[in-house]
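Okay, so here's the structure we're looking at.
Side chains included, hydrogens not; waters and symmetry mates left out as well; all remaining heavy atoms used.
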Amino acid sequence: MTEFNAVKATQTQQAPKDLGLSSQTVAFSHYNNLSAQLPINPESGELIAGGVREQAHQCFKNIKAIVESVGHVMTDIVKITIYVRGIKDLDAVDAVYKSFFPTGTPARTVVGVSNLLNNACVQIDAVVANAEGTPPTVSF
């Protein structure tokens with residue numbers, strides 16, 4: 001790492017914490033990388049009851065809380081990765097997705113998986129555009 005690059009890890013009480021194994025979000029260069037969010041209620045620490053729609057909604061609520069905790073908004077998200085246990089459930093996830101991104105959408109990858117932690121139906125991560133992790137540098 002050079003003197004021009006700085007890494008800034010951030011945590012908020014408004015989203016679940018990952019038992020000390022990772023940060024909720026880490027800013028580096030012009031991006032803030034969010035750890036994948038399971039559909040966990042940050043107050044109870046429990047998986048949200050219900051199906052994929054309810055769980056996707058909680059994942060996005062957690063992402064929104066983290067994004068806002070670092071002074072950004074959902075429209076600053078440039079990349080989303082959705083891990084879904086049942087690819088047939090993507091329509092339900094998409095309906096929730098559209099409610100969080102009504103005026104434009106980030107780049108997106110969807111990955112069908114056979115299993116997720118806590119037997120969740122969905123898990124979502126994001127990348128936010130910013131410049132908080134890197135101080136200004138000399139142009140080349």
For the atom pair [atom1] ([X]) and [atom2] ([Y]), what is the distance rounded to the nearest 0.5 Å?
{"X": "Met74", "Y": "Ser99", "atom1": "CE", "atom2": "OG", "value": "8.5 Å"}
{"X": "His57", "Y": "Lys61", "atom1": "NE2", "atom2": "NZ", "value": "6.0 Å"}
{"X": "Ile66", "Y": "Leu34", "atom1": "CD1", "atom2": "CG", "value": "5.0 Å"}
{"X": "Gln123", "Y": "Ser35", "atom1": "CD", "atom2": "OG", "value": "9.5 Å"}
{"X": "Arg85", "Y": "Asn119", "atom1": "CZ", "atom2": "CG", "value": "4.5 Å"}

Co-membership, hydrophobic cluster, residues [X] and [Y], 4.5 Å side-chain:
{"X": "Val110", "Y": "Val96", "result": "yes"}
{"X": "Val70", "Y": "Val73", "result": "no"}
{"X": "Ile48", "Y": "Phe100", "result": "no"}
{"X": "Ile124", "Y": "Ile87", "result": "yes"}
{"X": "Tyr83", "Y": "Leu90", "result": "no"}

Donor-acceptor contact below 3.5 Å, side chain [X] vs main chain [Y]:
{"X": "Gln55", "Y": "Pro39", "result": "no"}
{"X": "Asn41", "Y": "Glu43", "result": "yes"}
{"X": "Asp89", "Y": "Cys121", "result": "no"}
{"X": "Glu68", "Y": "Ala65", "result": "no"}

Heavy-atom pair of closest approach, residues Val122 and Leu38: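 Heavy-atom minimum between the residues: O-CD2, 4.2 Å.
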
Minimum heavy-atom distance between Cys59 and Gln37, given as atom pair plus value: SG-O, 3.2 Å

Salt-bridge contact Arg108-Asp94 (side-chain N to carboxylate O under 4.0 Å):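 Salt bridge flag = yes for Asp94 with Arg108.
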
Student check: side-chain heavy atoms of Ile82 and Val111 closer than 4.5 Å: no

Side chain to side chain contact (heavy atoms under 4.5 Å, CB included) assessment of Asp125 paired with Ile80: CA-CA 6 Å; Asp125 67 34; Ile80 290 275; over 6 Å; no

Polar contact flag, side-chain donor to acceptor under 3.5 angstrom, Lys79-Thr109: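 There is such a pair (donor and acceptor under 3.5 Å, judged by atom type) between the side chains of Lys79 and Thr109.
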
